[in-house]
**Q** 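Sharing a structure, written as structure tokens. Questions coming.
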Amino acid sequence: MNKWWNEAVIYQIYPRSFQDSNGDGEGDLKGITSRLDYVKALGVDAIWLSPFYKTPNKDGGYDVADPRDVDPRFGTLEDARKLFEKAHSIGLRVVVDIVPNHFSSEHKWFKEALKSPKGSEARNRFHFYDGKDANTPPNNWISLFGGPAWTQIADGQWYLHLFDSSQPDLNWDNPEVAEDFEETIRFWIDLGADGFRIDVAHGLAKEDIHVDHYDPQGLSDALRLDVLMEVEKRNSYLAKIPFFDRDGVHEIYRKWRKIFDSYGDREIMAVAEVWVHPPKRATLYVRPDELHQFFNFDVMNAPFDSEYLYKSISDMLNLVKEQSAWPTWCLSNHDSERVASRIGSQAARAMALFVLGLPGSAYIYNGQELGLPSGEMSDSDRQDPIFFRTNGKQKGRDGARVPMPWSGETSPFGFTNGKPWLPLQNDWKEFTVEHELADLNSSLNLYKRALELRKEYFLGSGELTWTRTNGLLSYKRGKVEVLINISDQEIPISGKVILASQTIADVLPPATAIWLLS
Ligand code: NOJ
């Protein structure tokens, strides 16, 4: 049966970087609401909001101190309600983030745990253990942000944190944790949310906590979120990592699915962040009684290589079919280098056309439609805990989080009246929304046109047939053939071009894509 998310285009908004409404240099909910008409005009179906909950903001809001309240830097619950209302009034659905793997150390539960004795109920909501000896943590697991995954507290016990030490992992074997999240899910649905993006969805179940699973010598340099972006390293690492993708996690999602389904016609949807390998493991999260989608990070981080892309995309199409699910495609998010910087601006435009014709749902990260590169900054501007926990060895993800340039000649380009929390590049005038709207050949106008034609030609047109798979990668869906040139040669073309990633004549230059009517 067709569901709204099967072929939806979902626009990710990173609230802190979208639009500031009060001059404090950080984006907020009112700012987002004021820009929803722009989002609608892009032609997307839904927005996904990265966290805006109460947070000390040690990890860009993925450190949640109260999952059922809005952080004052983003506004109020009433602002959230108004945002949902405005979105719905213009036909946009709203997906919110949920962060069930950990809370912030500022959450009242963690504060209570610190004050409570060993073995208490309060400690049992997290993973508190005695060490192997006075100075050695219970195991040798390494945090994804660098350094050990354990921090010791005053009475000698250690707590587990797969990310920053300010993000203690929750104990999902404790029914109270599960109940609390169910309440959070209902809370946001009742306030108007249409779906959830589930953070670290593969990480909730912890098993074998007393076992050292790998040789940290070999992996300590690899265990970083930014290494997850390098395909080969990532896959060998994911295959060894002990605290991800345990079978127990699926029971949680089967329970959540019942909650989502209980809202019937509201068609609540959940998309999982799953870093697992091989890709077949990811499809287990979208079994018919679990979640609806998972992010396909393999394509997001794929090399610009036709053989790789062909194999990755065709495998994924086959794998999700086994679960009667639909695939998702994304090229960027708030954790990855921006696609225009990763593969080059011309190839990024071509890849956009290539994935927007595929069956399934597409995610666009705010600014991607502008062809925005990753922002550059000096180390003194950086805020990502990855930068600090690795003593600057890893630069972290701030480059992908630099605020949106909207209008005008110089930074902050209409984002704020104050000092932006991360610097916008002074030479970004050509990337502003204002500038790109006026330029017919801009990346923004390419995305707008692609989303229009996607509705006209692709939606509901079912599966694809690959036509060429080497150098020139192409597939046919319905009346349209989609071609991308991933070779270093020009390739002759014939037929009626309905959309091209660059202005072209009768050949397809390297790193360009077209939609051909056949
Ligand atoms: C994945 C999120 O996308 C990332 O931004 C965050 O740092 C980690 N999960 C921890 O919540």
Side-chain angles (χ1 to χ4, degrees), residues 10 12-17 48-65 67 71 95-107 110 126 141-147 149 160-170 172 181 184 196-204 206 223-229 234 237-238 241 243-245 249 270-276 282 285 293-297 300-301 328 330-338 363 365-366 368 374 382-390 394-402 421-422:
I10 302 178
Q12 180 191 356
I13 294 179
Y14 194 71
R16 206 175 171 197
S17 298
W48 147 32
L49 298 168
S50 283
F52 49 84
Y53 317 116
K54 264 230 159 82
T55 177
N57 207 19
K58 295 278 194 302
D59 181 25
Y62 283 92
D63 48 322
V64 178
D71 196 87
V95 173
V96 297
D97 234 295
I98 191 168
V99 191
N101 182 66
H102 43 266
F103 272 155
S104 155
S105 50
E106 295 292 306
H107 188 283
F110 194 72
F126 299 91
W141 298 0
I142 292 172
S143 152
L144 270 90
F145 286 174
L160 177 69
H161 52 87
L162 299 187
F163 296 90
D164 191 55
S165 55
S166 65
Q167 293 165 293
D169 278 46
L170 284 157
W172 274 87
F181 268 84
T184 298
F196 297 91
R197 177 264 187 193
I198 302 167
D199 190 62
V200 202
H202 52 300
L204 276 48
K206 311 287 188 313
L223 285 175
R224 305 278 194 275
L225 208 65
D226 53 354
V227 170
L228 288 175
M229 306 302 153
R234 177 185 79 218
Y237 150 71
L238 286 174
I241 198 162
F243 42 65
F244 278 171
D245 199 27
V249 81
V271 51
E273 183 200 30
V274 284
W275 292 99
V276 300
Y285 291 76
Q293 297 186 335
F294 62 90
F295 290 111
N296 174 6
F297 292 126
M300 183 175 86
N301 301 303
T328 67
C330 53
L331 298 175
S332 289
N333 68 19
H334 63 292
D335 292 328
S336 67
E337 191 178 4
R338 282 194 176 271
Y363 284 78
Y365 175 49
N366 60 201
Q368 179 189 324
S374 297
R382 294 192 189 279
Q383 314 237 357
D384 189 344
I386 292 183
F387 175 74
F388 297 105
R389 284 186 66 89
T390 62
Q394 308 281 330
K395 295 292 176 198
R397 302 159 294 177
D398 294 312
R401 300 173 179 183
V402 170
W421 72 280
L422 286 176

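Remember, it's 1-based here, ligands and their atoms both numbered in the order they're listed.
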**Q** Specify side chain, backbone, both or neither for Lys58, according to which of its non-hydrogen atoms lie closer than 4.0 Å to ligand 1.
**A** neither
**Q** For Val200, counting its heavy atoms only, list the atoms of ligand 1 lying under 4.0 Å from any of them.
**A**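 Atoms satisfying the 4.0 Å criterion: 9 (N).
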**Q** One thing to verify: whether Lys58 and Asp384 come together as a salt bridge, which I'm taking to mean a side-chain N less than 4.0 angstrom from a carboxylate O.
**A** no
**Q** Is the shortest heavy-atom distance from the side chain of Gln167 to the side chain of Phe145 under 4.5 Å?
**A** yes
**Q** Counting each atom of ligand 1 from 1 as listed, which ones have a heavy atom of His334 under 4.0 Å away?
**A**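 Ligand 1 atoms under the 4.0 Å threshold to His334: 2 (C), 3 (O), 4 (C), 5 (O).
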**Q** Give the intermediate values and the outcome of side-chain contact (heavy atoms from CB on, under 4.5 Å) for residues Tyr285 and Ile198.
**A** CA-CA 11 Å; Tyr285 291 76; Ile198 302 167; over 6 Å; no
**Q** Not counting sequence neighbours, which residues clear ring pair (Phe, Tyr, Trp, His ring centres under 6.0 Å) with Phe181? List them please.
**A**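 Per chain and number, Phe181 pairs via ring pair (Phe, Tyr, Trp, His ring centres under 6.0 Å) with Phe103, Trp172.
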**Q** Please identify which atoms of ligand 1 are closer than 4.0 Å to at least one heavy atom of Glu273.
**A** 1 (C), 3 (O), 9 (N)
**Q** Taking only heavy atoms of His102, which atoms of ligand 1 are found under 4.0 Å from at least one of them?
**A** 10 (C), 11 (O)
**Q** Backbone, side chain, both or neither: what part of Phe145 comes under 4.0 angstrom of ligand 1, heavy atoms only?
**A** side chain
**Q** Measure Arg401 to ligand 1 on non-hydrogen atoms and call it side chain, backbone, both or neither using the 4.0 Å cut-off.
**A**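 Side chain only.
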**Q** Find all atoms of ligand 1 within a distance of less than 4.0 Å from any non-hydrogen atom belonging to Arg397, and give their numbers and elements.
**A** 4 (C), 5 (O), 6 (C), 7 (O)
**Q** Would you say Tyr62 and Asp97 are linked by a side-chain donor-acceptor pair, where the criterion is simply a distance under 3.5 Å?
**A**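 A donor-acceptor contact under 3.5 Å links the two side chains.
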**Q** Please list, chain by chain and in numerical order, all residues satisfying ring pair (Phe, Tyr, Trp, His ring centres under 6.0 Å) with Phe297, sequence neighbours excluded.
**A** Trp275, Phe295
